[in-house]
Amino acid sequence: MGVPASQRLRKQSDFRQIRSQGIRIHCGSFIFQCLQRSEDTAAQSRLSVIASRRVGNAVKRNYGKRMLREIFRKNQAALPPHTDVVIVLRGSYDTQSYAQLEARYLKACGNFSKNIVPTKETEA
RNA sequence: CUCGGCGUGUGGGCGUUCGCUUGUUCCUUCGGGAGUGAGAGGAAAGUCCGGACACCGUAGGGCAGGAUUCCUCGUGAAAACGGGGGCGCGGCAGGGUAACCGGCCGUGACGGAUAGUGUCACAGAAAAUAACCGCCUUGGGACUUGUCUCAGGGUAAGGGUGAAAAGGGGAGGUAAGAGCUCACCGCUGUAUUGGUAACAAUGCAGGCAAGAUAAACCCAAUCCGGUGCAAGGCAAAAUAGGGAAUCUGGCGGCCCGUCUUUGAUUCCGGGUAUGUCGCAUCUCGCUUCGGCGGGAACUUUGCUUCGGCGGGGUAGAUAAAUGAACGCACAGCCAAACGCUUCGGCGGGCGGCGGACAAAAUCCGGCUUAUAGCACUCCGAGGUCG
RNA sequence: CGGGCCGUAGCGCAGUCUGGUAGCGCACUUCGCUGGGGGUGAAGGGGUCGCAGGUUCAAAUCCUGUCGGCCCGA
């Protein structure tokens with residue numbers, strides 16, 4: 001796994017919270033969901049990749065998870081701090097290369113940052 | 001030489017950088033950090049079998065249920081696999097006038113149809129206690145005097161139907177027929193011989209009594225307690241030892257027996273489904289001392305605990321670790337110039353694309369299925385040369 | 001990891017246990033009733049029974065293997 005254990009999402013309650021309160025961005029071959037936690041919790045961003053059986057066999061599922069984890073690891077600076085990310089993989093991911101997936105991921109991160117920053121300013 | 005097929009083996013290599021999981025050593029401000037090792041497969045897959053291991057405790061007996069099924073030898077804990085043989089079926093070539101015979105190759109879930117029950121559509125008289133037509137015959141009647149008709153009897157040789165028609169095709173025999181009789185073949189029983197056995201050969205007898213189906217029920221023999229790592233242990237947390245029904249007994253298919261005992265079972269509702277252990281050092285060969293057993297006192301031989309040496313192996317994740325980027329050669333696919341051409345193509349390689357099937361999840365042994373390319377054995381087809 | 005169920009006409013399902021004719025509803029085609037549509041009536045077409053092999057005279061059905069889909073169990 002390209003991400004250490006402290007940066008993985010594990011609890012069912014975390015998934016439920018992100019699913020209900022987070023922002024969802026469609027990126028073609030995957031769905032990007034994320035939520036910025038309050039600042040008193042752990043400082044690092046966290047990730048989880050979901051690949052259902054509809055995506056393909058075990059080899060295809062694991063390969064997609066690894067690529068997206070690698071993208072997350074290399075581009076942590078693109079995210080606001082202490083953000084939880086859930087990526088739902090779709091079956092058509094293998095039509096795109098690693099570089100194409102990375103570009104879509106960075107675009108989604110940029111959209112998320114633009115959405116989240118003004119709300120923070122109004123709250124402040 | 002090319003192409004195709006069955007099977008077996010192999011299952012992309014090297015290097016740099018950035019990362020993940022984990023064993024171990026050291027340091028630590030107990031958060032972690034540093035060093036050094038290890039890190040998917042032949043099928044990890046499907047979950048079709050068998051076992052180890054764990055728990056339950058009706059593990060005793062019987063019934064039910066399930067599994068297996070020619071013989072023999074070997075490996076193995078068992079499932080299973082392999083060698084050889086027997087029998088049946090199919091194919092090939094050969095011998096023989098023929099019946100048939102032995103040979104090679106392939107193949108078979110290959111116990112039992114005289115233990116019993118069931119089923120056999122349509123067609124057909126009849127589908128398993130066979131009389132429709134036909135053949136033969138007895139008695140009565142009619143008349144055209146050898147035919148018809150009525151009542152009865154015998155007959156499985158012939159007819160057509162069907163997947164299958166009651167041993168086979170001949171000779172004798174008869175009113176017509178019939179294993180009624182006879183020889184051969186086939187069948188059953190029995191004896192002898194050969195073989196460890198399955199089975200085969202021969203003799204004698206019976207005299208056709210015996211259709212198919214057991215991947216229909218079933219019978220015979222052998223084996224099987226149930227549940228499965230979501231087994232189960234520990235720790236922590238949470239909560240309402242709540243409500244209803246049934247039975248007075250309950251207990252993992254049922255009964256007997258046994259054990260325990262005053263509550264038991266089922267349903268509804270609620271809560272928890274977190275961490276950790278299980279969960280990763282075994283196997284093979286040789287051998288010293290010792291122990292047990294065999295043998296006859298010595299020599300010697302079989303098994304085995306703790307050791308020693310050597311070979312091989314040694315992943316342990318849990319929203320689930322093996323990845324990403326780049327470079328170099330080696331396979332493979334597409335393919336531009338250009339050359340040859342019998343105008344069908346062949347050679348050639350600028351350049352581009354780019355690694356088969358598929359990923360551990362308690363472990364092990366099998367089975368089945370999926371597999372690009374390469375190598376090898378065997379088989380088949382085509383071409384060329386001698 | 002361990003269980004269970006289902007693949008039959010375009011769709012939803014019977015038939016499988018107990019072998020022999022593949023059927024029902026909606027949909028589809030043609031025709032009639034109507035000026036047309038809807039509705040209704042009549043007639044008709046359409047199925048390798050998931051795939052492969054085997055048992056049998058004969059397989060959707062029995063047996064074995066395999067592919068796909070669905071569900072349940074802490």
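In the text below, chain A, chain B and the rest are named by the order of the sequence lines, each starting its count at 1.
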Q: What's the gap between C279(B) and A231(B) when it is taken at their C1' atoms, as a whole Å value?
A: 14 Å
Q: Round to a whole Å and report the spacing from CZ of R69(A) to C1' of U21(B).
A: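 Interatomic distance, CZ of R69(A) to C1' of U21(B): 12 Å.
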Q: Just compare A324(B), A360(B), U322(B) and give me whichever is closest to any side-chain atom of R66(A).
A: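 Nearest nucleotide to the side chain: U322(B).
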Q: Please measure how far the P atom in U117(B) lies from the corresponding atom in G211(B), and state the result in whole Å.
A: 14 Å
Q: For G290(B), which nucleotide in any strand shown is its Watson-Crick or wobble partner with both distances under 3.5 Å?
A: U304(B)
Q: Over all heavy atoms of both residues, which pair between A51(A) and K65(A) is shortest? Give the atoms and the distance, please.
A: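 That would be CB-CE, 4.0 Å.
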Q: Would I87(A) and F72(A) satisfy side chain to side chain contact (heavy atoms under 4.5 Å, CB included), going step by step from the backbone distance to the final call?
A: CA-CA 10 Å; I87(A) 291 172; F72(A) 172 80; 5.9 Å; no
Q: Determine if the base of A40(B) is syn or anti; take syn to mean the glycosidic torsion is within 90° of 0.
A: syn
Q: Take atom P in C284(B) and the same atom in A236(B), then report the distance between them in whole Å.
A: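 Those two atoms are separated by 43 Å.
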Q: Go ahead and name the base partner of C53(B); Watson-Crick or wobble counts if both distances stay under 3.5 Å, otherwise write none.
A: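 Base-paired to G228(B).
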Q: Given F30(A), which partner from the list V88(A), L89(A), V49(A), I25(A) fulfils the side-chain contact (heavy atoms from CB on, under 4.5 Å) test?
A: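 It is L89(A); the other options fail the test.
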Q: Nearest whole angstrom, please: distance from the P of A319(B) to the CD1 of I87(A).
A: 18 Å
Q: To the nearest Å, how far apart are R61(A) CZ and A45(B) C1'?
A: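 R61(A) atom CZ is separated from A45(B) atom C1' by 12 Å.
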Q: Write down the partner of C28(C) under the Watson-Crick or G-U wobble criteria, each distance required to be under 3.5 Å.
A: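 Partner of C28(C): G44(C).
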Q: Could you tell me how far C57(C) sits from A121(B) if I compare only their P atoms? Round to whole Å.
A: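 Each nucleotide's P atom is 14 Å from the other's.
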Q: Base of G45(C) relative to its sugar, syn (within 90° of 0) or anti?
A: anti
Q: Q76(A) has an atom CD; how far is it from atom P of C18(B), in whole Å?
A: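 Taking CD of Q76(A) and P of C18(B), I get 17 Å after rounding.
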Q: Quickly work out the M67(A) CE to U322(B) C1' distance and round it to whole Å.
A: 16 Å
Q: Using a distance-only criterion (donor-acceptor N/O pair, under 3.5 Å, no hydrogens), is the base of A359(B) paired with the side chain of N62(A)?
A: yes
Q: Just compare A321(B), A325(B), A358(B) and give me whichever is closest to any side-chain atom of Y98(A).
A: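 The listed nucleotide nearest to Y98(A)'s side chain is A325(B).
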Q: Please give the nucleotide sitting opposite U222(B) as a Watson-Crick or G-U wobble pair, both distances under 3.5 Å, or none.
A: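 The answer is A67(B), by the H-bond criterion.
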Q: What is the distance from CG of N57(A) to P of G68(C), rounded to the nearest Å?
A: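 Those two atoms, CG and P, are 11 Å apart.
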Q: Where does G46(B) fall, syn or anti, if syn means a chi angle no more than 90° from 0?
A: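 G46(B): anti glycosidic orientation.
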Q: Please answer: with hydrophobic residues joined when any side-chain heavy atoms are less than 4.5 Å apart, are Y98(A) and Y105(A) in the same cluster?
A: yes
Q: Mind checking who G38(C) pairs with, Watson-Crick or G-U wobble, both distances under 3.5 Å?
A: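 Base partner found: none.
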Q: Please classify G19(C) as syn or anti, treating any glycosidic angle within 90° of 0 as syn.
A: anti
Q: Provide, to the nearest angstrom, the distance between the CD atom belonging to E70(A) and the C1' atom belonging to U17(B).
A: 12 Å
Q: Would one find a side-chain N or O of K65(A) under 4.0 angstrom from OP1 or OP2 of A320(B)?
A: yes
Q: Does the structure show a Watson-Crick or G-U wobble partner for C62(C), both distances under 3.5 Å? Name it, or say none.
A: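 C62(C) is paired with G54(C).
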Q: Can you tell me, in whole Å, how much space there is between the C1' of C247(B) and that of U262(B)?
A: 14 Å
Q: Does any non-hydrogen side-chain atom of F32(A) lie less than 4.5 Å from one of N111(A)?
A: no
Q: Once you round to the nearest 0.5 Å, how far does CG of L47(A) lie from CG of L68(A)?
A: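 Between L47(A) CG and L68(A) CG, I get 8.0 Å after rounding to 0.5 Å.
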Q: Using the C1' atom as the point on both nucleotides, what is the distance between A361(B) and A320(B), in whole Å?
A: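 Nearest-Å result for A320(B) against A361(B) at atom C1': 8 Å.
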Q: According to the Watson-Crick and G-U wobble definitions, with both distances under 3.5 Å, which nucleotide is paired to G106(B)?
A: C89(B)
Q: I need the minimum non-hydrogen distance between M67(A) and L101(A), along with the two atoms involved.
A: CE-CD1, 3.6 Å
Q: Which value, in whole Å, describes the distance between the C1' atoms of nucleotides G60(B) and G83(B)?
A: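 Approximately 43 Å lies between the C1' atom of G60(B) and that of G83(B).
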Q: Syn or anti for G42(B), please, going by whether the chi angle lies within 90° of 0.
A: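 Syn, angle within 90° of zero.
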Q: Using Watson-Crick or G-U wobble geometry with both distances below 3.5 Å, tell me the partner of U202(B), or none.
A: A191(B)
Q: Tell me which of V49(A) and V59(A) sits closer to the 5' end of RNA chain B, going by the nucleotide each one is nearest to.
A: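 The residue closer to the strand's 5' end, by nearest nucleotide, is V49(A).
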Q: Which nucleotide in the set G323(B), A324(B), A360(B) lies at the smallest distance from any side-chain heavy atom of K74(A)?
A: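 Of G323(B), A324(B), A360(B), A324(B) is nearest to the side chain of K74(A).
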Q: Check whether any side-chain heavy atom of E70(A) lies under 4.5 Å from a side-chain heavy atom of K74(A), and answer yes or no.
A: yes
Q: Specify the separation, in whole Å, of atom CZ of F72(A) and atom P of C20(B).
A: 13 Å
Q: Given A359(B), is OP1 or OP2 found less than 4.0 Å from the side-chain N or O atoms of Y63(A)?
A: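 Negative; the distance criterion is not met.
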Q: Between C6(C) and U61(C), how many Å separate the two C1' atoms, rounded to a whole number?
A: 16 Å
